[in-house]
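Only one structure is covered here, and it is reproduced in the block below.
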Amino acid sequence: MNGKSVLSCPDLKTRSFAWKEILLTGLSVFFVMIPFCAIFFILGKIVQKGIGTVTWSFLSQPPLEGMTAGGIFPCIFGTVAITLLMIAIALPLGIGAAVYLTEYAGQGLFFRITRAAVNNLAGVPSIIFGLFGVGFFILFVGRNLDHVLKTGLLFGQPCMLWAAATLAVLVLPVIIVSTEEALNAVPQSHRAASMALGATKWQTIREVVLPQARGGILTGAILAISRGAGETAPILFTGCAYFLPRLPVVKLFGAIPMINPFDQFMELSYHIFIMATQSMNAEKSLPIQYGTTLVLIALTFLLNLTAIIFRIHFRKKLGQVSLQ
Amino acid sequence: MRSETVAVMDENLENLVDMNNKKRANPMVTVHPIEKGEINKANSIKIRTQDLSVFYGATEALKKVSMDIQKQAVTALIGPSGCGKSTFLRCINRMNDTIPGVCVKGKVLIDDIDIYQSDINIVTLRKIVGMIFQKSNPFPKSIFDNVAYGPRLHGISDKGVLEDIVEESLKRAALWGEVKDRLSRSALELSGGQQQRVCIARALAVNPQIILMDEPASALDPISTAKVEELIHMLKQHYTIVIVTHNMQQAARVSDYTAFFLLGELIEFGKTEQIFEVPKDKRTEDYITGRFG
């Protein structure tokens, strides 16, 4: 047997580099603690100060006495309504654009320009979208619609429809990019198989590609809701109101109540903004602000959760398909 | 039930040429041009290519290939990678059309109809010419939905009719016994060989006349390969089969005719025994004896 064991090699016993390891590990833990602490303090403070305000009457009543008392029901209603309307507008547009870009456009110059435009759209500050909304949707589309349809002043004024449309443009890049990724993840061989069976391109997209991409498309919808639901700037000029004595609801055929997209609306984030900047009595409105903030965060989370549950449901359906 | 279905599915080649203007009073009744059928019987050539060339951009992937493919027989295309055999195969159902930058010159005649005419209905063409791919590619749907995919595309929605088609197709693909109790389960739960046979059943469900196979067994284990080969042997009673294969033993086992391609050219084409036993061309002999490729 050899007298010199490999283990007696002195290098193995030195711990000369250990301090570097410890330092770097410590640093990375420190860096990860910063966002953790930030979110903990923000959420902690909001929950701590807001939870006392959030009661059933706070959730179900309109603001009273110049927003120093009462609840925030119209704001909750407005936020949910505009988020749903936003998704209803943005999802078909975004999916359509992504389908075109992945399935039809090829890799030419037009494709690259469009891709660049989509990516740049994601980087535009939200206040610009707000101003764009006023200029394009209200003054251009709305006023011209009024002019052509002779409807007086119906479309050419701020309302929920234009606010939702503005938000939809804001979240469009998110939906397009995630849908594109989902479509690209569908194996090319499935497209070939479908085409070889005599399917047209559109039949292939509808029957094979889109069903497999549902999960990714819903992820896009989730991200879009996260991005759009709490935005203030885009709706600032396009439809949200300081205070409304009524809900933006219309009775369809005189009986079925439905969201009126041509009415203005109150919204949670705007409500927080005006209470923080223009309240007549800051002391009395402060707890309401905390309560409203808590509700906004909870609501965004709930909307996200719904979309996540949808996605899980679709994934399951794709995994264990049944006859029906 | 099935015979009626077949009548619908069996779009005769006459219908290959788009006849949107021709009114079809009853879609269940397809007029069979009898004289056409007689010509087919007399003529045993199903597919005929004349000076078929394919260009990918500036590269000539296939150089003036003229070939007569026999009806209800298996024709194997062999040759080293990149020799144009897959390209040739994909000309027969015009799958090359889906690749940008591809230019096809020359003629491909199926039952004497040039399928590269401008008024050819590609949907009908691809119903007549089915295709099996190298890697089995069942959709993430149930076995039933996979096989019923084609018929549904072409407008069959009656559940009873679909059930008949699925059963018949799976039987022809020699898979019915293995899957009949779990048609509603995902096709992805099956083994690789079974998945490939689901793909074959899926292609058979639209009642094709020609089946193109692009290395259908190259990703399968020996037992599954043997099953697929056995299946090919059975299928040739009803269908004209063109198979691309890397495996020369396989070509020798399954095919009646063999074509040897090299660098885009058809070097030699003849009966399989002749190609393998007494090849006329030196290059064919070299390839078959494993000297290159």
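Numbered from 1 within each chain, the chains take letters A, B, ... in sequence-line order.
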Subject >> Closest heavy-atom pair and its distance - Thr204(A), Tyr149(B) >> reply: CA-OH, 4.1 Å
Original post:
If you measure from OG1 on Thr200(A) to CG on Leu153(B), what distance do you get to the nearest 0.5 Å?
Top reply: 7.5 Å
Original post:
Tell me, do Pro140(B) and His190(A) make a side-chain contact under 4.5 Å, heavy atoms counted?
Top reply: yes
**OP:** Decide if atom CZ of Phe301(A) counts as having more than 12 heavy atoms of other residues, nucleotides or ligands within a radius under 6.0 Å.
**Re:** no
**OP:** Could you tell me the separation between the CG atom of Asn93(B) and the CE atom of Met195(A), rounded to the nearest 0.5 Å?
**Re:** 10.5 Å
Original post:
So with a 6.0 Å cut-off around CG of Leu149(A), is the heavy-atom count from everything else above 12?
Top reply: yes
Subject >> Contact class of Arg94(B) relative to chain A, heavy atoms under 4.5 angstrom >> reply: neither
**OP:** Tell me, for Pro208(B) versus chain A, whether the close heavy atoms (under 4.5 Å) come from the side chain, the backbone, both or neither.
**Re:** neither
**OP:** Return the minimal non-hydrogen interatomic distance between Ala193(A) and Phe133(B), and the atom names on each side.
**Re:** CA-CE1, 3.7 Å
